[in-house]
Amino acid sequence: MNEYVFLIRFGMGKTLTPEQQTLNTENWGNLIQRWTEQGVFVGSSLITQPGFVVSGLERNVSQGFVADADFRMSSVIRVLAANLDDAVEMAKACPTLDYDATVEVREVQTRPVPVN
């Protein structure tokens with residue numbers, strides 16, 4: 001099994017109603033429980049805004065986030081899958097897609113941590 005990340009993005013102006021947020025949270029909980037039972041869920045992180053961006057040779061710091069094509073990152077999900085095609089199929093189950101989000105799927109190559 002290989003590890004993959006799902007990078008969840010929402011449109012810049014997109015906000016969920018309280019009802020949508022509740023349903024989305026419940027649906028994510030059900031999906032993560034199913035993936036956990038299948039042994040393919042590694043972890044997840046909800047990204048809160050605003051953050052800081054450090055950039056360039058001068059290490060400039062600005063408050064905010066990097067927007068790509070008018071989307072903002074909202075969370076990162078880590079899963080195990082046999083291959084990229086299987087990971088893409090798993091990504092299709094992400095509940096945020098029901099709210100016009102995008103899910104980018106990337107393979108992660110883990111590196112051992114050096115021991116001193």
S.K.: Just to verify, what does Leu84 make a side-chain contact (heavy atoms from CB on, under 4.5 Å) with, not counting sequence neighbours?
M.R.: Tyr4, Val88, Val105
S.K.: Kindly give the heavy-atom pair with the smallest separation between Leu31 and Pro95, and that separation in Å.
M.R.: CD2-CD, 3.8 Å
S.K.: Would you call Lys92-Glu89 a salt bridge at under 4.0 Å N-O?
M.R.: yes
S.K.: How long is the straight-line distance from CG of Asn83 back to CG of Asp86, given to the nearest 0.5 Å?
M.R.: 4.0 Å
S.K.: Quick one: do Val76 and Ile8 satisfy side chain to side chain contact (heavy atoms under 4.5 Å, CB included)? Show the steps, please.
M.R.: CA-CA 6 Å; Val76 177; Ile8 313 295; over 6 Å; no
S.K.: Roughly how far, to the nearest 0.5 Å, is the CD1 atom of Ile32 from the OG atom of Ser44?
M.R.: 4.5 Å
S.K.: If you take all heavy atoms of Ala81 and Ala87, which pair is closest and at what distance?
M.R.: CB-N, 3.8 Å
S.K.: Are Val108 and Arg78 packed together at the side-chain level, in the sense that at least one heavy-atom pair is separated by less than 4.5 angstrom?
M.R.: no
S.K.: Give the minimum heavy-atom separation between Ala93 and Arg34, together with the two atoms involved.
M.R.: CB-NH2, 4.4 Å
S.K.: Any chance you could measure Leu97, atom CG, to Asn27, atom CG, to the nearest 0.5 Å?
M.R.: 11.5 Å
S.K.: Calculate, to the nearest 0.5 Å, the distance between atoms CD and CG belonging to Glu26 and Asn24 respectively.
M.R.: 10.0 Å
S.K.: Side-chain contact, heavy-atom cut-off 4.5 Å: Leu80 with Trp35?
M.R.: no
S.K.: With a 4.5 Å cut-off on side-chain heavy atoms, are Val79 and Val42 touching?
M.R.: no
S.K.: Evaluate the criterion side chain to side chain contact (heavy atoms under 4.5 Å, CB included) for residue pair Ile77 and Phe41; output intermediate values, then yes/no.
M.R.: CA-CA 8 Å; Ile77 309 295; Phe41 180 72; 4.2 Å; yes
